[in-house]
Amino acid sequence: MKPFALVVSIEANSFEEAEAVREEIAGAVGDGRESGLFDDTSVTLGDLESVDIETVLENYRKLHDGLSDMIEEGRLTEAGIPDDYQWLVEKLAELAVKDATRS
C-alpha cells in the first residue's frame with residue numbers, strides 16, 4: 001500500500017462544533033469500511049487540535065527557505081546525505097510549486 005495524507009482545516013465557533021465535524025468524518029470512514037468500499041485501507045484519524053494556520057505556514061516557509069539556502073550555499077550536499085539528497089531537492093521543489101500563496 002502507498003500512504004496518502006489528507007489535512008482538513010475546520011473553522012468553527014467552538015471546539016465542540018469542530019469536534020462534531022470531525023466525528024462526522026470519522027462516521028463516513030466507518031460507513032466506507034462497513035460497505036466494503038475500502039475494507040483493506042487503513043485510515044487513522046488524529047485528535048482535534050487548535051492551530052494557527054498562518055503560524056504553521058510561516059514555520060514551513062522558514063524551514064523550506066533554510067533547507068534551500070543550505071543546498072544553494074553547499075552546506076547540505078549530495079555527498080553529505082547521498083541516500084536522501086535527490087529526494088529532498090525534489091520535494092522542496094514540489095512544495096514550492098504547491099505553495100501558491102507564497103509572495
Side-chain angles (χ1 to χ4, degrees):
M1 269 196 250
K2 180 179 178 181
F4 297 89
L6 170 66
V7 177
V8 177
S9 295
I10 303 167
E11 284 191 38
N13 293 317
S14 67
F15 181 85
E16 290 75 20
E17 255 183 43
E19 183 63 26
V21 172
R22 184 196 170 283
E23 289 299 320
E24 285 296 316
I25 294 169
V29 169
D31 292 346
R33 282 191 180 124
E34 287 176 14
S35 71
L37 180 63
F38 48 82
D39 57 340
D40 66 339
T41 301
S42 173
V43 178
T44 304
L45 294 173
D47 293 333
L48 185 66
E49 60 182 272
S50 178
V51 297
D52 175 10
I53 195 67
E54 290 302 318
T55 300
V56 171
L57 187 56
E58 180 183 338
N59 288 335
Y60 150 73
R61 288 176 174 161
K62 286 179 184 177
L63 174 63
H64 181 281
D65 291 346
L67 288 169
S68 294
D69 288 348
M70 288 179 207
I71 290 169
E72 290 170 9
E73 295 169 8
R75 292 180 285 140
L76 186 59
T77 64
E78 190 164 6
I81 52 169
D83 295 334
D84 302 313
Y85 183 82
Q86 286 303 318
W87 176 88
L88 180 60
V89 171
E90 289 169 12
K91 294 303 173 192
L92 286 170
E94 286 175 21
L95 289 170
V97 170
K98 290 179 182 178
D99 187 6
T101 62
R102 191 175 179 106
S103 53

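Computation of the quantities below employed the complete heavy-atom set of this structure, encompassing side-chain atoms and omitting hydrogens, waters and symmetry-equivalent molecules.
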Any Glu19 side-chain heavy atom under 4.5 Å of Glu23 side chain: yes
Least distance between heavy atoms, Ala12 atom then Ala18 atom: CB-N, 3.7 Å
Distance in Å, Leu57 CG paired with Lys62 NZ, rounded so as to fall on 0.5 Å steps: 11.5 Å
Residue pairs involving residues 76-93 (criterion side chain to side chain donor-acceptor pair (under 3.5 Å); sequence neighbours excluded): Lys91-Glu94
Rounded distance [0.5 Å steps], CG in Leu88 versus CD1 in Ile81: 5.5 Å
Listed once per pair and sorted, the salt bridge (charged side-chain N to carboxylate O under 4.0 Å, His left out) pairs that draw on residues 68-77, sequence neighbours left out: Glu73-Arg75
Joint hydrophobic cluster, Leu63 plus Val56, side-chain heavy atoms closer than 4.5 Å: no
Gap separating the CD1 atom of Ile10 from the CZ atom of Phe15, nearest 0.5 angstrom: 9.5 Å
Shortest non-hydrogen contact between Ser35 and Gly32, atoms and distance: OG-O, 3.1 Å
Test side chain to side chain contact (heavy atoms under 4.5 Å, CB included) applied to Ile25 - qualifying residues, sequence neighbours left out: Val8, Val21, Leu45
side-chain contact (heavy atoms from CB on, under 4.5 Å) partner of Asn13, the single match among Glu16, Glu17, Glu11: Glu17
